[in-house]
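Written below as structure tokens is the structure these notes are about.
Throughout, a chain's letter reflects where its sequence line sits, starting with A, and its residues are numbered from 1. All figures in this text were calculated on a predicted structure; none of them were measured in a lab.
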There are 2 protein chains.
Amino acid sequence: MAAAAVAANGGGDGAQASNAPAPTRLASVYSEVQTSRLKHALPLPSVLRSPFALADGPASSAAGNPGEIAKLFPNLFGQPSVSLVPSPEPASTRPLKVGVVLSGGQAPGGHNVICGIFDYLQEYAKGSVMYGFKGGPAGVMKCKYVELTADYVYPYRNQGGFDMICSGRDKIETPEQFKQAEDTVNKLDLDGLVVIGGDDSNTNACLLAEYFRGKNMKTRVIGCPKTIDGDLKCKEVPTSFGFDTACKIYSEMIGNVMTDARSTGKYYHFVRLMGRAASHITLECALQTHPNVALIGEEVAAKKETLKSVTDYITDIVCKRAELGYNYGVILIPEGLIDFIPEVQKLIAELNEILAHDVVDEAGAWKSKLQPESRQLFDFLPKTIQEQLLLERDPHGNVQVAKIETEKMLIAMVETELEKRKAEGKYPAHFRGQSHFFGYEGRCGLPTIFDSNYCYALGYGSGALLQCGKTGLITSVGNLAAPVEEWTVGGTALTSLMDVERRHGKYKPVIKKAMVELDGAPFKKFASLRDEWSLKNHYISPGPIQFSGPGSNDANHTLMLELGAEA
Amino acid sequence: MAAAAVAANGGGDGAQASNAPAPTRLASVYSEVQTSRLKHALPLPSVLRSPFALADGPASSAAGNPGEIAKLFPNLFGQPSVSLVPSPEPASTRPLKVGVVLSGGQAPGGHNVICGIFDYLQEYAKGSVMYGFKGGPAGVMKCKYVELTADYVYPYRNQGGFDMICSGRDKIETPEQFKQAEDTVNKLDLDGLVVIGGDDSNTNACLLAEYFRGKNMKTRVIGCPKTIDGDLKCKEVPTSFGFDTACKIYSEMIGNVMTDARSTGKYYHFVRLMGRAASHITLECALQTHPNVALIGEEVAAKKETLKSVTDYITDIVCKRAELGYNYGVILIPEGLIDFIPEVQKLIAELNEILAHDVVDEAGAWKSKLQPESRQLFDFLPKTIQEQLLLERDPHGNVQVAKIETEKMLIAMVETELEKRKAEGKYPAHFRGQSHFFGYEGRCGLPTIFDSNYCYALGYGSGALLQCGKTGLITSVGNLAAPVEEWTVGGTALTSLMDVERRHGKYKPVIKKAMVELDGAPFKKFASLRDEWSLKNHYISPGPIQFSGPGSNDANHTLMLELGAEA
């Protein structure tokens, strides 16, 4: 039963119920590219290559409601961020016991964070022991782990995926679960725990740090910023790892589809991209490829767009392109688009209410229970989407918004609108939509050189912070527009990223997701060019990620624009 | 009207109704990788770098029914294949007028064939003029063309897609259409026409060659082997271009999905791959990535498999893997799978008959018109597939087999079978399927180094054959396991690849598609390893196509195994 539960969370290759070291990889069957990446030496920021000390910054506050955050984190609130600075004397060389856990969805580079921690300990704290918790936070709670040795870790160097120790989506939430985590780190006598995850996981890491500190335990907790969605970042943490690789993989595919569209001359490709909460991926892919349309959820929300206005926007561009003789195009859609449209949220809330209490009669009498605007919206939806809304429900009976194939929905709505215009003599061409969803392909690719280097520095830096006795920090690697040697390394107080949300009558700490800023450099560049892209075909095909030669060393546009390193 | 028709066939960026040269690309907005490929120098077989002559092989026959082929091609039948051999005297240097046309679906490398022809003429027949027919064979019939100049051609060097002149799926079939083609080549005073296409297009090329020769016209016609499906090949033409790149792009994605599957530990990914007629792509991707299951249509047909037996095969592997603790996997499915299953063909034929004459009543009384086996099969199908079969029909009222999402169908069938076994206590785990279709992403990628070089040699060789006055040949570049300098170049009589098929009471010439040979080296290697792959996880992640460094110079497994250059 326990083994099955771990397997369901992706625990250690799904088959590793014991703690015996059995790496899931056989480097002997690696492809040439995998092998070459395996052997590739990783550069380090110069501050990590010689003795260093930590320099404290000023006392920190919170992203919002500092009073409440202070109450929730009495032991950690206010602690300064730190940065590594060169020092004549080496830090402690005492061996450490360190655990590491991967939390949430996969992101390219996770293995390099672990390699970075491991190599740091080998280099600066000889005799250290390192454990990998299997299958995510459940591994911490259930004390499922593997000892990470050089042989075990080696095949994962610069490789994609999270399968070295696998990940999971469980949370350490209840008092019992905190106690379980306490028992585990005590049993393993851990000096430190590195939590590699997104906003939720880093919030969880900080709660653990606070809990351990509150109990005067020696175990410190450090977080690392992971998510391909790119929505965990702040001034000191310029990007989350995995975003660079995922966007480049998606952009390779988008560029290929663009070339296909231009060659065939008869299809509109609607490409849905991962990114439910924020539209960073769609924005970055747009900057890389120059599509005819890219919808940015944050803008849709800010402008209070409706499904009708979004449909009209696309349809207008299709019509204008038809006038120019272009009956093809490429349209990028963030996975979470409809979450940004207020009227859709309203409709779904009403549907959940109705479906919970009433029978949906074939004749449609149930529809009279919808508010007029919601009813109008429902009638506007394509029939297949109406059916999806009524039929596909989660175990709680709620509409499964995540299952709605937004790209197919938009194709159907644009098609209907174009038929109307055709009947009015306003559209002379023939519209053919092709739908795509680029998702899983991007989460587990071989990390780019940027993500490989960034993650290795994050791991190395995490080791340094632990060795210096720090807790409740997220590792921050900065100055990323410069060569790796000049990157800065430090740690940022996790509490300084937090605000509170009221849930079930209590304040809960949350790290606010970093949304696309409509006055930020990446969006402003996109907004200034999109009209030109919509009618002219300035498609760019970024091509496959390269590991040597031209194009191999560039970081993504979003990061470079935010750092002011690209105009 | 004419412009719209050309646009619908993908004529010249969909917007080029005139013959004015206006390249669709702006090399100024190329990505770094595109730019580096643009500047990359292309190597040539040494026989093309110095004076050469043509050496005739023995007289040729046909692939089948030589008597009928001889009647259909009285002027061309029996002509020998030729190969280029070094010669002290240079061939003629008279300038030529040459047209080129891209026919059918896109394949990476098409632009390099055109670049090869262009460069050959510049080098060996100074003063030549070259025309690109726009939007495929329709461009030949309608005399829609663009003059290809160095500036026009340059931005497409080593780039993916067919958008330099675009392609189309029209055929030159009727006497009127042959006359149109005749008028066009006469108007342009063409010495030669190069047809870049698949089996149908090369058959068409040979018919044109015969027609022109029969009329004592000077225009010669040369074919080039293009198709990502890999089903146009023979002893002298070891592979069709585009197959190498497409398989590597799909394999990159499959490898990523495999890493994702292993990391998450809870999904079975069902990946449908392009390749309707033959399963070469699925086989090659299997050799590159080592999936748990790969279905090969030709084997399914040879073993007279049923949908039930295919479902059971997959389900058995899912159950065995569950016993080992692996509740995840990756399964490859060729697009044309169900075309290989006799009972499905029978059901569809019966459905077409019933749907043409009867009303499908909700109560299902219409089902009594199905033969018992077909009725049983219909009832075995998942409900969504049943609905697809009944609802989605083409303009002739026929069931649209191509629209059936085979991967989703198999997921549903495996799920149903597993539920049955679960109820019987034979399957303890939980099955979750994820479906993927990798198609458009692979047709237009940047060509690999192999496809870039191979296509350039094909183009250069086509120029040489035309200059030597040859017609009705397909350009053949051989010895492909050796370095490019050692590649051989020649031409193979298109009639020698042909057989006849009886259609509408007449014999029609056809180049038989090269199917996966069950006693060929690629399938045998796959068959010898698949049982191990099914239970152990020997996944390989080939990674993105590289243009320099490790992995950049390898050709695909299928080709190397067929050439005996790989064990």
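B:F438 meets the ring pair (Phe, Tyr, Trp, His ring centres under 6.0 Å) test with B:H436; sequence neighbours excluded. Under the rule for a ring pair (Phe, Tyr, Trp, His ring centres under 6.0 Å), the partners of A:F431 that lie at least two apart in sequence or sit in another chain are A:Y268.
Contact tally against chain B (heavy-atom pairs below 4.5 Å) for A:V29, A:N256, A:I254: the top residue is A:N256. Annotation: maximal heavy-atom pairing with chain A below 4.5 Å, among B:G160, B:G161, B:S548, occurs at B:S548. With chain A as partner, the option from B:G549, B:A261, B:G439, B:P550 having the largest number of non-hydrogen pairs under 4.5 angstrom is B:P550. With chain A as the partner, the residue from B:T35, B:V33, B:V257, B:I545 showing the most heavy-atom pairs under 4.5 Å is B:I545.
Looking at B:Y539, the atoms closer than 4.5 Å to chain A (heavy atoms on both sides) all sit in the backbone: N, CA, C or O. Interface remark: B:Q434 contributes side-chain atoms only to the contact with chain A (heavy atom separation under 4.5 Å). If you measure heavy-atom distances from B:Q546 to chain A, the contacts under 4.5 Å come from both the backbone and the side chain. B:H430 does not touch chain A: none of its heavy atoms, backbone or side chain, sits under 4.5 Å away.
With rounding to the nearest 0.5 angstrom, the OG1 atom of A:T259 is 8.5 Å from the CD atom of B:Q106. Going from atom CG of A:D163 over to atom CG of B:D260 covers 10.0 Å, rounded to the nearest 0.5 Å. Annotation: the span from B:Q159 atom CD to A:S541 atom OG amounts to 7.5 Å, rounded to 0.5 Å. Between the CZ atom of A:F437 and the OG atom of B:S435 there is a distance of 10.5 Å, given to the nearest 0.5 Å.
Proximity of a side-chain donor or acceptor of A:Q34 to a complementary backbone N or O of B:I540 within less than 3.5 Å is not detected. In this structure, the side chain of A:E441 does not engage the main chain of B:G255 through any donor-acceptor pair within 3.5 Å. Put simply, the side chain of B:E32 never gets that close to the backbone of A:P542: no donor and acceptor are under 3.5 Å apart.
For residues 537-557 of chain B, no residue pair satisfies the salt bridge (charged side-chain N to carboxylate O under 4.0 Å, His left out) rule, not counting sequence neighbours.
For residues 244-253 of chain A, the interface with chain B (any heavy-atom pair closer than 4.5 Å) comprises A:I249, A:E252, A:M253, sorted by residue number.
A:S263 and B:F162 get closest at one heavy-atom pair: OG-N, 2.8 Å.
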